[in-house]
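This report refers to the structure that appears directly beneath it.
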Amino acid sequence: MELALAFFCIYTYHQTRTNRSKLWHRYAVIYTYFVVVLLAITAINTAINTAINLETGISHWVCTLPVLVYLLFGKKHGFISSFSFLITLLLLFYVIDKRLVEINFKLIIYLSLTYIIVWGVSHVFESMRASNQEEIINLALRDSLTQAYNRRAFKSHFHNHIDFSNPYCFALADLDFFKKVNDKYGHDAGYAVLVQLT
């Protein structure tokens, strides 16, 4: 199963690099990964026919789940999935062997706290990343003075907003002798005129 997941991840990576990635690829990767981790935890412990032994280290792979979910889906889905994964994991530990609470109580607490810390860091990082990305896109596509879309925005979004089945037109405006406004009233007045005109 791990080998199949590895090949599927390579396939999904290739699809993403060639801009042929679909939303279901991301869902399949993260949820298959989650199932593989859970199966690994349960398989090791049922194979040795004892209570879940968290000291093997396989259970620590669950701490990578919040990072992957936030990376693939963003803040909202990342929060919901990370919470769901944690609850599912704790329920699984309890259902497999109720003695776990007595035997490995400290390890479960440490694992849960580690998971929650990784989850929190992932949430904060994704929030900051999304905010910075929006700000960078805004700076790249808009004039800083008038907030009008610039030439780069026109070139990158033109085909998305044009419906070729309907007539369309462009309006180009030029302010003749605008230098005289700046010379007579100053640049601050010229900026105000540009903002108002825009």
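Reckoned from all heavy atoms, side chains included, excluding hydrogens, waters and symmetry mates.
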Does a side-chain heavy-atom distance below 4.5 Å link L139 with S144? no

L38 and V35, any side-chain heavy atoms less than 4.5 Å apart: no

Counting only heavy atoms not in [X], do more than 12 sit closer than 6.0 Å to its [atom1] atom?
X	atom1	answer
Q196	CD	no
Y191	OH	no
F178	CZ	yes
R152	CZ	no

Closest non-hydrogen atom pair, [X] against [Y]:
X	Y	result
V69	S81	CG1-CB, 3.5 Å
R142	N138	CD-OD1, 2.8 Å
S127	K75	OG-CD, 2.9 Å
V181	G190	CG1-CA, 4.3 Å
P66	S122	C-OG, 3.9 Å
C9	V29	SG-CG1, 4.0 Å

Working to the nearest 0.5 Å, report the span between [atom1] of [X] and [atom2] of [Y].
X	Y	atom1	atom2	value
R26	Q15	CZ	CD	13.5 Å
I30	F73	CD1	CZ	7.0 Å
L68	C63	CG	SG	11.5 Å
F83	T88	CZ	OG1	9.5 Å
T12	K22	OG1	NZ	11.5 Å
I136	Q133	CD1	CD	7.5 Å

Is the gap between the ring centers of F125 and Y70 under 6.0 Å? no

Taking the six-membered ring for Trp, are Y27 and H77 ring centroids under 6.0 Å apart? yes

Distance-only side-chain donor-acceptor flag, S21 / Y13, under 3.5 Å: no

Are [Y] and [X] connected in a single hydrophobic cluster, I mean Ile/Leu/Val/Met/Phe/Trp/Tyr linked by side-chain heavy atoms less than 4.5 Å apart?
X	Y	answer
I10	L72	no
L3	F8	no
Y110	L89	no
L71	V36	no
W61	I87	yes

Do [X] side-chain atoms and [Y] backbone N/O form a donor-acceptor pair below 3.5 Å?
X	Y	value
Y115	S82	yes
S84	I80	yes
N150	A140	yes
T146	D143	no

Hey, which of W119, F79, F34 is the one that makes ring pair (Phe, Tyr, Trp, His ring centres under 6.0 Å) with F85? F34

Show the numbers, then the answer: is there a side-chain contact (heavy atoms from CB on, under 4.5 Å) between D176 and D174? CA-CA 6 Å; D176 289 333; D174 183 34; 3.3 Å; yes

